[in-house]
Amino acid sequence: MLDINFIRENRDTVITGMKDKGEKETEVVDKVLEADQRWRTLVTKVDQLRSESNEKSKEIGILMSQGKKEEARKLINETTGYKADIKEAEKETEAAKNERDELLLKIPNVPHESVPVGFSEEGNQVFGSWGEPNQKDGLKPHWELADENDWIDFERGAKVTGAGFPFYIGPLARLQRALINFFIDEALAEGYIEIQSPYFVNEDSARGTGQIPDKEDMMYVIPRDGFFTIPTAEVPVTNFHRDEIFSMDQLPVKYVAYTPCWRREAGSYGKDVRGLNRLHQFDKVELVKIVRPSDSYEELENLRSYAESLLQKLELPYRTLLMCTGDMGFTQSKKYDLEVWSPGQKRWLEVSSCSNFTDFQARRMMLRFKNDQKKIEILHTLNGSGLALPRVVAALLETYQQADGEVAVPEKLQPYMGREVL
RNA sequence: GGAGAGAUGGCUGAGUGGUCGAAAGCGCUCCCCUGCUAAGGGAGUAUACCCUUAACAGGGUAUCGAGGGUUCGAAUCCCUCUCUCUCCGCCA
């Protein structure tokens, strides 16, 4: 959610930002401003009425305590009319506020000036790359390797739950556990605090990080209890500090959290969803930062390069994309995607997405801090995957497959696996 | 799942219809005093929003778990919900 005062003062910037993100209905900006103006006028009116009414009530109180019943009664009769007036004005105010807030939720975060303008994948810029993508023919895709060795069971997963809910068996189950531990240990060495979160969240939390109303359909719902299964640890972990005010010495806050993630992925199909490329349940180690506004873009670069370092340590070639305005999310101001090379499929697979949300999430969550002048300010939030497991596993299997049919274990993972081949 | 108790400011804790955004204590900040330390004295110390102001600041409204109701007036009375604690049951 953007600051209404920011919109008032930067109407054109907001509209340009919306257009750059591919949002057509930019007239909401003026509608918001209109509703806000109406609300302000009404608030002033309500406050005025309440003030008068309070004044009279206070007088009545004084008269009563002095035993002047008759005068008090007279005043009570005069005051009765306020009730209806206030109620009426409150109703209008509430309506205007709701209208304003609903419209406000439809306005996306403004892209940072360093973000390239573009409206599709083509607009993304290759920010950097590492390693040499293996273009050799004849390398097997991970699903073949997994199938030949009975490492992943998609069919039984489909029987037990549904498509996109695979079982991992034997060495592959262990490989996932090794990756989780490896990722968490690396983050701890970088000063992140490990945190374990609930896997279900309530509606307020989903709203806080912006899954509602923008991306409601991505989440599984548990209607009886009003819960959503988390699509990413970002949701519970960022909401952890909802409604809190930090002091300067508590910042920045850095968390690393491993959780499963559930995504409905409605509308996905084709070769994109083959094997481990796209699942309804997957494991991810997530990094969340809560930082001072002045530091957030620098922190984004740190986050990006940290995520990159993980792929380097696993010796998996990758490239980093700076996402263009149109391919970034509703809530982000700047975003990098890390894509690992999949030699068996000869394509890039997204394994991490590092984003700066500036104050967009924090405002809705009332996530604030007291600055040097003891003034309250909204914080900035960031997050990034460090990393998402399935595609790392896919790239790893395909990259480390050997002529003899075995799959080697990357050196850094060997202590976690206790062996050199899977 | 059954029975009971409770929810007040950073913390502890008073307050059962009127000048209560809320006593007191603790903590914290600033000042004074004291050659260090300890003790003492004074002032201050929630959040959101609206209005006025270039700004400093000032005025107003709301908030005592949440929402609704009664009343001229609610922390205080009524209803609903949530959460916490104790006991019983069940259980990884």
Side-chain angles (χ1 to χ4, degrees), chain A residues 1-9 32-105 196-208 222-228 236 239-251 253 260 359-379:
Chain A
M1 184 171 69
L2 286 180
D3 182 4
I4 184 70
N5 293 316
F6 177 83
I7 300 175
R8 275 205 291 181
E9 285 156 29
V32 159
L33 292 173
E34 186 277 323
D36 181 57
Q37 189 48 54
R38 201 146 32 85
W39 173 77
R40 275 164 201 282
T41 310
L42 285 162
V43 161
T44 307
K45 183 176 158 196
V46 169
D47 283 359
Q48 174 76 27
L49 284 170
R50 280 197 187 128
S51 177
E52 287 171 23
S53 167
N54 286 346
E55 192 60 40
K56 294 253 161 75
S57 290
K58 207 176 257 184
E59 280 177 46
I60 292 166
I62 293 166
L63 289 172
M64 295 290 258
S65 66
Q66 289 171 344
K68 297 176 182 167
K69 289 240 165 101
E70 276 310 306
E71 290 180 46
R73 184 160 307 281
K74 233 175 93 186
L75 208 49
I76 286 174
N77 288 337
E78 281 177 33
T79 316
T80 316
Y82 276 110
K83 265 178 92 167
D85 290 350
I86 290 174
K87 200 161 239 175
E88 181 60 34
E90 273 176 343
K91 243 169 92 182
E92 289 175 46
T93 310
E94 178 81 5
K97 184 179 158 61
N98 287 343
E99 192 184 328
R100 183 197 70 174
D101 290 349
E102 262 171 50
L103 291 166
L104 206 47
L105 291 179
Q196 291 190 337
S197 81
Y199 297 162
F200 301 164
V201 292
N202 57 31
E203 194 179 324
D204 282 344
S205 298
R207 201 175 293 282
I222 301 170
R224 187 166 168 175
D225 300 288
F227 295 142
F228 298 89
N239 274 283
F240 182 64
H241 289 295
R242 175 145 48 96
D243 294 325
E244 290 183 21
I245 298 176
F246 288 84
S247 60
M248 291 281 274
D249 56 4
Q250 291 174 289
L251 300 166
V253 178
D359 58 5
F360 198 83
Q361 291 181 329
R363 176 165 301 104
R364 187 114 43 103
M365 279 191 277
M366 296 294 270
L367 201 54
R368 295 158 297 168
F369 78 111
K370 229 170 220 165
N371 69 17
D372 286 331
Q373 283 85 45
K374 309 232 165 148
K375 283 250 166 77
I376 307 278
E377 266 188 82
I378 310 269
L379 286 158

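Numbered from 1 within each chain, the chains take letters A, B, ... in sequence-line order.
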If you check every side-chain atom of A:Lys374, which of B:C72, B:C56, B:U29 has the closest atom? B:U29
Tell me whether the side-chain N/O atoms of A:Thr44 come closer than 4.0 Å to OP1 or OP2 in B:C51. no
For atom NZ of A:Lys56 and atom P of B:U61, their distance in whole Å: 14 Å
Sticking with atom C1', work out how far B:A75 lies from B:G21, rounded to a whole angstrom. 10 Å
Distance, nearest 0.5 Å, that separates NZ of A:Lys91 from CG of A:Leu42: 13.5 Å
Interatomic distance, A:Asp3 CG vs B:A48 C1' [rounded to whole Å]: 13 Å
In whole Å, what separates the C1' atom of B:C87 from that of B:C26? 33 Å
Interatomic distance, CD@A:Gln361 vs CZ@A:Arg242, rounded to 0.5 Å, equals 12.0 Å
Take atom P in B:A43 and the same atom in B:C56, then report the distance between them in whole Å. 27 Å
Any carboxylate oxygen within less than 4.0 angstrom of a Lys/Arg side-chain nitrogen, looking at A:Lys74 and A:Glu78? no
Is there a Watson-Crick or G-U wobble partner for B:G35 with both distances under 3.5 Å, and if so, which one is it? none
C1'-based separation of B:A14 from B:A57 [nearest Å]: 34 Å
Less than 4.0 angstrom between a side-chain N/O of A:Arg40 and OP1 or OP2 of B:C51, yes or no? yes
Paired with B:A22: which nucleotide, if any, by Watson-Crick or G-U wobble criteria at under 3.5 Å for both distances? none
Salt-bridge contact A:Glu52-A:Lys56 (side-chain N to carboxylate O under 4.0 Å): no
Roughly how many Å apart are B:C30 and B:C20, using the P atom of each and rounding to a whole number? 31 Å
A:Ser57 has a side chain; which of B:U19, B:C72, B:A62 sits nearest to it? B:C72
Given atom CD1 of A:Ile245 and atom P of B:C11, what is their separation to the nearest angstrom? 12 Å
Across all strands, who's sitting opposite B:A57 as a Watson-Crick or G-U wobble pair, both distances under 3.5 Å? B:U52
Would one find a side-chain N or O of A:Lys83 under 4.0 angstrom from OP1 or OP2 of B:U71? yes
Apply the test side chain to side chain donor-acceptor pair (under 3.5 Å) to residues A:Ser51 and A:Gln48: give CA-CA distance (whole Å), side-chain angles for both, the deciding distance (0.1 Å), then the verdict. CA-CA 5 Å; A:Ser51 177; A:Gln48 174 76 27; over 6 Å; no
Answer for the Watson-Crick or wobble partner of B:G73, both distances under 3.5 Å, is none
Could you please name the partner base of B:C87, counting Watson-Crick and G-U wobble pairs only when both distances are under 3.5 Å? B:G2
Pairwise P distance, B:G40 and B:G25 [rounded to whole Å]: 13 Å
Regarding A:Thr93 and A:Glu90, is there a side-chain donor-to-acceptor distance under 3.5 Å anywhere? no
Taking the minimum atom-to-atom distance to the side chain of A:Arg50, which one of B:A48, B:U70, B:U61 wins? B:U61
Paired to B:A92 by Watson-Crick or G-U wobble criteria (both distances under 3.5 Å) is none
Side chains of A:Thr44 and A:Asp47: is there a donor and an acceptor less than 3.5 Å apart? no
Could you work out the separation of B:U76 and B:G18 based on their C1' atoms and round it to a whole Å? 12 Å
Mind checking if A:Arg73 touches a base, just sugar-phosphate, or nothing, with heavy atoms under 4.0 Å? nothing
Euclidean distance, atom NZ of residue A:Lys91 to atom C1' of B:G69 [Å, nearest integer]: 16 Å
Which nucleotide in B:U70, B:C72, B:U61 has an atom nearest any side-chain atom of A:Ser51: B:U61
Pairwise C1' distance for B:A24 and B:C81, with rounding to whole Å: 33 Å
Applying a 3.5 Å limit to both distances, which nucleotide forms a Watson-Crick or G-U wobble pair with B:U29? B:A43
How many whole angstroms separate atom CH2 of A:Trp39 from atom P of B:A48? 13 Å
Provide, to the nearest angstrom, the distance between the CD atom belonging to A:Gln373 and the P atom belonging to B:U29. 18 Å
For A:Ile60 and for A:Lys370, find the nucleotide of RNA chain B with the closest heavy atom, then tell me which residue's nucleotide is more 5'. A:Lys370
Identify which nucleotide among B:U70, B:U19, B:U47 has an atom closest to any side-chain atom of A:Lys87, counting heavy atoms from C-beta outward. B:U70
Looking at B:U82, which nucleotide sits across from it as a Watson-Crick or G-U wobble partner, both distances under 3.5 angstrom, or is there none? B:A7
Output the rounded distance in Å from CG (A:Asp47) to P (B:A62). 7 Å
Rounded to the nearest Å, what distance is computed from the CG atom of residue A:Asp101 to the P atom of nucleotide B:A48? 16 Å
Carboxylate-amine/guanidinium contact A:Glu99 A:Arg38, below 4.0 Å: yes
Specify the residue among A:Lys58 and A:Met366 whose closest nucleotide of RNA chain B lies further upstream toward the 5′ end. A:Lys58
Any A:Asn54 side-chain N or O less than 4.0 Å from OP1/OP2 of B:U61: yes
